[in-house]
Amino acid sequence: MKEVTANFNAQSIEREMRDHWSIHDTYKTVKQHRSAGKPFFFVDGPPYTTGTIHLGTAWNKILKDSILRYHRMNGRNVIDRAGYDMHGLPIEVKVEQELGFKSKKDIEKYGIQKFIEKCREFAIKNKLLMDDQFTSLGVWLDFPGAYKTVMPGYIEAAWWTLARAEDKGMLERGHRVVNWCPRCETAIADAEVEYADEKDPSVFVKFPLKGRTNEFLLIWTTTPWTLPANVAVAVAEDFEYAKVLAKKDDKETLLWIAEPLVKAVLKKGRCKDYAILETKKGAEIIGWVYESPLASCVPLQREIVHKIVAADFVALENTGMVHIAPGHGWDDFVLGTKEGLAIVCPVDGAGKFKEEAGIFAGQFVRDSNENVLVALGDHLFAKEIVTHRYGHCWRCKTPIIFRATSQWFLKISEMRDLMLAEVAKVTWYPDWAGSARFYDWIKEARDWCISRQRYWGIPIPVWVCQKCDAYRVIGTFAELEERSGRLLADPHRPYVDDVTIPCTCGGTMKRVEDIFDVWFDSAVASWATLGYPGKTQDFENLWPADFITEGQDQTRGWFYSQLGASTIAFGKAPYKSVCMHGFALDAEGKKMSKSYGNVVTPEEVIAKVGVDVLRLYILSSSAPWDDLKFNWEGVGTINRAANILWNVYRFPVPYMILDNFEPANKGGTWDDAYIREHLNLMPDEDRFIISRINSVAGTVDSAIKECQLQRATRELVNFILEDLSRWYVQLVRERMWLEGESKSKHYAYETIYYVMRRLIGLLAPVCPHITEEIYQNLRCKNDPSSVHLLDWNKGEQELVDTALEQAVGIVRSFDEACANARQTGKRKLRWPVSEVVVVTNSGTVRDAIELLQAVCMDRANARKVSVVMGRWERIGWHAEPVMKALGPGFGKNSPKVKALIEGADGNFLKNEIDMGRTVTLGDGDATYEIGTRHVTFTEKLPAEVFSAPMQDGTVYVDVRLDEDLEKEGYEREVIRRIQEMRKQLDLVVSEYISVEVLVNDLRVYNLLNNYSNHTIAGEVLAVVPDRGVLLSFLKPGDPLRTHDLIKEWEIEGATETIGMTVGISRATQ
RNA sequence: GGGCCCGUAGCAUAGCCCGGUGGUGCGCCCGGCUGAUAACCGGGAGGUCAUGUGUUCGAAUCACAUCGGGCCCA
């Protein structure tokens, strides 16, 4: 054991520990140690390689790390491979920015091969940066062996999965409406759409009814650019629609509007006057034909027969008539398919109108809104600007459009029931994350569009015949090589694009140009990480995952994509348990964002307080699934707790070293059996703290099992602060100061050693550095070489003494009450008191105080602590009449009764009434029955007794002084001053001194002189074995010699001058 | 517009499932302690339990509505 630095310096300790682990290859050793254990298959949700981690990412990995460390300590062989998501649009967009590209054409010009090599470079560079950042959080995952979505084996797993989808008929090539980013020129998944406010025109448009004059259907839209693709108007069959004669500027128009909405709509159109001419049910107007108001300028529109159709999604808002453009909306598309409407989409991939859009050709759709409105001319009924939530591309933030295109889909909608059934089998932390949130999301799930018209991603392994249009899904590289007769150097684009397969029809099959939605990459992680399907053994032994944990945004992300892919491939969920965690918000509960300037980075926190404190803070401040409101004050509090842990650890070390203490061991391995064998001989406080650490261990264990990391960590912090620091260490201090051999001291050593060993074991998953540092200093020479090699200890029930813990609780309440009463009586704790009395009716309290008599006396600094059941004879009670009750009961005799009560023996009265009896008082003329409602009692304490309430009782402290108590009080005052002076001179504990104390009060001088020299000298090391006592008192007027330090003190009204000299030479000359 | 979660003192949290005097920590003020000491302990002040309505003898807790925050969806 070595000395411990006074200050807890997180940064240097953590650096040292990480160096230590890397020199000794501790992580490998730990993995090796657990390699024969029962496997615990964890799958790391792969972070996207953006290059920087934020507080939320840190939280994510810290949570994973702590839970995995727990499982390792429990003997599990944890599969802890890290993962990285390295493909996809975000990286493409970054690289495009670096290269100054504006559109896909720039990429094609630059060359796909060069472009994807740039993307690869970018991803790998960032992956390495992130490895370092995670490692510096003390995270023990397998980073060198991380699965990477760009690896050929990984890509093959994705291919294989798609081939399974094809086998099961779950893959569909479809012409459908998808979310489309006009900047990235690709389809994007529902999961990739981000909603944000957007300003758009909100317009009401008149569609002329065919064959009628001046009669229109009135529709509403916020996307005028979709009007060139209009094919129908939808109504609700059971709504009432009205034909309205609307007057504006002396012009009259006939409009069809849902009847309840007429007034509001016409107000928007500034129609001063209107009349409802007739009404019809929606069902009655179905089939009516109308013409496009854009027919004259959009050739496409002239070929379409527009009609009214019924739809169940029509709501009673706006006009109750919905503009339908099946090429530009999901509901529209579904309706169009059902009703056999034309599905037109006169918009190209870049979001520009095609030739068939007539005068709009070449215009970007969102920019053409105004032109469309102009072209509508008189058909535009009303217009305003609205701000509404609108979908944006998750990467480039461009507002998306809906576009009917040819894409590849997984038929999630057909698997929904199976997925829901699987969700129910998974254990969710918290339960509602699965049973409510995820369940609802899946219930709404639509088919998954997995194709993207991009470059940096897993190529979709579908080859289509150029001649007969047949397609084939390739599941493995070997199959492709066999069919094509070519070796595949790299499965990425553009390399794989050159590979062709002969078709049975004699034609040539070429790969479709699409790549996978990047969410499909990570969706296959749970088997791709096991090398499946290339290797099958791990998969058969381990899959599905025992545990995953990710942020709440992953409900629609990874939790979902994995479930979808896995249900297709294997018909079951890929995970057995899922912990959904929250988001890191700022102290106000607002999202951290660069534009608010409220971002706190993990590095900042680490620079201030270190990693372990960050970890402990994050895990303790909220439940995993609640959002974390980051708060520097809270960090400070946890930092203080860590400091106290350090102080508790440090405190006994110098004494242990001085005494050459070695904990009980068998051949150099710590033997905790010593504690069990000696427990009965140990003092109460030792048995208490041993009991506590074991019950704490039980609580911590069950909390972690339920992912309640906040309960586990709070329990530990609370134990350190309350039980260990504020209670045990305070009580055990004097035993540590005992000189020479002592059983009591030895028990204290063994106890605190035991407690520290258990404590750091429990804390190791959360605070891996500080616990390792402590362990390295405390461990016996043949103990395991790292705290992380220890087995988890969930507490031993036979060491838990509930009654004792309860008794200590009572004594602590007693302790607090004493301090309270002393404060009221203005008697400092340094001054002993003759007696403390506990008055109680509780046998439990009596037993506790009597059981822990010694502790009580020590804590109270009292010569005697006694318990009185019921009434203590030194307390008097004074009876006070309750006039409110006397009046009604005794009428005009009340004043007499009042006097009688005041004159009665309060003690007797209270006793009787407490026993539930009534008392008869009389004055000779008459008698009166006095009951509990007529009287209250106040305490009459002796002059120098002060009271304070404690748990189920009251504490009375008698602060009267006699000569003996006073002498001791002054002694302790003098000792305290001398110690203070030693500290000022920065003396080591073992340095001898000589002292003179000039007491400027003759009475006090007489009190101290002759009796106290020895006592004081012994405490402050002013007594030398051969030379005797080197402390003397001087009376008023005596001269003081020269000293190294002289100080004047005010002590209880008297002045004392203390002179102190270091060493023994001068004072004794 | 919909789903889920959250709202308790200046700040952070427990209690809520299963109704019965709202605890704790930080900060603040006052006092104490002093061989863990840039620590530690005691006391005090500080609360419309987001708001409103309902159920109930009784609501922080249950129900409904509203407001605010977060995540997700349309």
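This is a predicted model, so every value here is computed, not measured. Reminder, nothing fancy here: chain letters follow the sequence lines and each chain counts from 1.
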(message) Over all strands shown, is Q710(A) touching base, sugar-phosphate only, or nothing at heavy-atom distances under 4.0 angstrom?
(response) nothing
(message) Taking the C1' atom in each of C64(B) and C71(B), what is the distance between them to the nearest angstrom?
(response) 24 Å
(request) Map A436(A) and G634(A) onto RNA chain B by nearest heavy atom, then report which one ends up closer to the 5' terminus. (result) A436(A)
(request) Calculate the interatomic distance between E816(A) atom CD and G44(B) atom P; express it in whole Å. (result) 10 Å
(message) If you only use heavy atoms from C-beta on, which nucleotide in G70(B), C40(B), U34(B) is closest to the side chain of R830(A)?
(response) U34(B)
(message) Considering every strand and a 4.0 Å limit on heavy-atom distances, what is the contact class for T637(A): base, sugar-phosphate, or nothing?
(response) sugar-phosphate
(request) Would you kindly give the NZ-to-C1' distance between K629(A) and U8(B), to the nearest whole Å? (result) 11 Å
(message) What is the separation between atom CG on D626(A) and atom C1' on C16(B), rounded to the nearest whole Å?
(response) 13 Å
(message) Rounding to an integer number of angstrom, what distance separates C72(B) and G15(B) when you compare their P atoms?
(response) 27 Å
(request) Quote, to the nearest angstrom, the C1' distance that separates G27(B) from C17(B). (result) 33 Å
(message) Strictly below 4.0 Å, N to O, side chains only: are E805(A) and R692(A) in salt-bridge contact?
(response) yes
(request) Could you check which of C72(B), A36(B), C26(B) has an atom nearest any side-chain atom of R640(A)? (result) C26(B)
(request) With RNA chain B as reference, determine whether R711(A) or D553(A) sits nearer its 5' end, using the nearest nucleotide of each. (result) R711(A)
(message) Measuring to OP1 and OP2 of G2(B), would you say a side-chain N or O of R437(A) lies under 4.0 angstrom away?
(response) no
(request) Sticking with atom C1', work out how far G22(B) lies from A14(B), rounded to a whole angstrom. (result) 10 Å
(message) Using atom P in both nucleotides, what's the gap between A65(B) and G46(B) to the nearest angstrom?
(response) 37 Å
(message) So that I can tick it off, tell me whether K443(A) and D440(A) are bridged by a salt bridge, with the cut-off set at under 4.0 angstrom between side-chain N and carboxylate O.
(response) yes
(request) Can you tell me, in whole Å, how much space there is between the C1' of A50(B) and that of A9(B)? (result) 14 Å
(message) I want to check one thing: is the phosphate of A36(B), taken as OP1 and OP2, less than 4.0 Å away from some side-chain N or O of R733(A)?
(response) yes
(request) Give a yes-or-no answer on whether the side chains of H323(A) and T226(A) include a donor-acceptor pair shorter than 3.5 Å. (result) yes
(message) Working to the nearest 0.5 angstrom, can you tell me the gap between C856(A) SG and R812(A) CZ?
(response) 13.0 Å
(request) Ignoring hydrogens and angles, state whether a donor on the side chain of Y749(A) or D659(A) is under 3.5 Å from an acceptor on the partner side chain. (result) yes
(request) Check whether the side chain of S725(A) and the base of A39(B) form a donor-acceptor pair under 3.5 Å. (result) no
(message) Rounding to an integer number of Å, can you tell me how far N647(A) CG sits from A36(B) P?
(response) 9 Å
(request) Classify the side-chain pair S744(A)/R735(A) by whether it contains a donor and acceptor separated by less than 3.5 Å. (result) yes
(request) Have a look at V648(A) and say if it touches a base, only the backbone sugar-phosphate, or nothing, with a 4.0 Å heavy-atom cut-off. (result) base
(message) For a quick check of understanding: with a heavy-atom distance under 4.0 Å over all strands, which category does Y728(A) fall into, base, sugar-phosphate or nothing?
(response) nothing
(request) Indicate yes or no: does D431(A) engage R437(A) in a salt bridge with an N to O separation below 4.0 Å. (result) no
(request) Please determine if a side-chain N or O atom of R714(A) lies less than 4.0 Å away from the OP1 or OP2 oxygen of U24(B). (result) no
(request) Enumerate, in order of first residue number, the stems that involve RNA chain B, defined as 3 or more consecutive Watson-Crick or G-U wobble pairs with both distances under 3.5 Å. (result) B:1-7 with B:67-73, B:10-13 with B:23-26, B:28-32 with B:40-44, B:50-54 with B:62-66
(request) May I have the distance from K828(A) (atom NZ) to U34(B) (atom C1'), rounded to whole angstrom? (result) 12 Å
(message) Distance check needed: U13(B) P versus N718(A) CG, whole Å only.
(response) 17 Å
(request) Check the distance between C5(B)'s P and L628(A)'s CG and give it to me in whole angstrom. (result) 20 Å
(request) Considering only NZ, NE, NH1 and NH2 on the basic side and carboxylate oxygens on the acidic side, decide whether E715(A) and R711(A) come within less than 4.0 Å. (result) no
(message) Need one value for R977(A): base, sugar-phosphate or nothing, where a base atom within 4.0 Å counts as base even if backbone is also close, heavy atoms only.
(response) nothing
(message) Could you check whether R830(A) pairs with E971(A) (Lys NZ or Arg NE/NH1/NH2 to Asp/Glu carboxylate O, under 4.0 Å)?
(response) no
(request) Between C26(B) and G19(B), how far apart are the C1' atoms? Round to whole Å, please. (result) 31 Å
(message) I'd like the C1' distance from G68(B) over to U8(B), given in whole Å.
(response) 15 Å
(message) Rounded to whole Å, how long is the line connecting atom CG of D815(A) with atom C1' of C33(B)?
(response) 12 Å
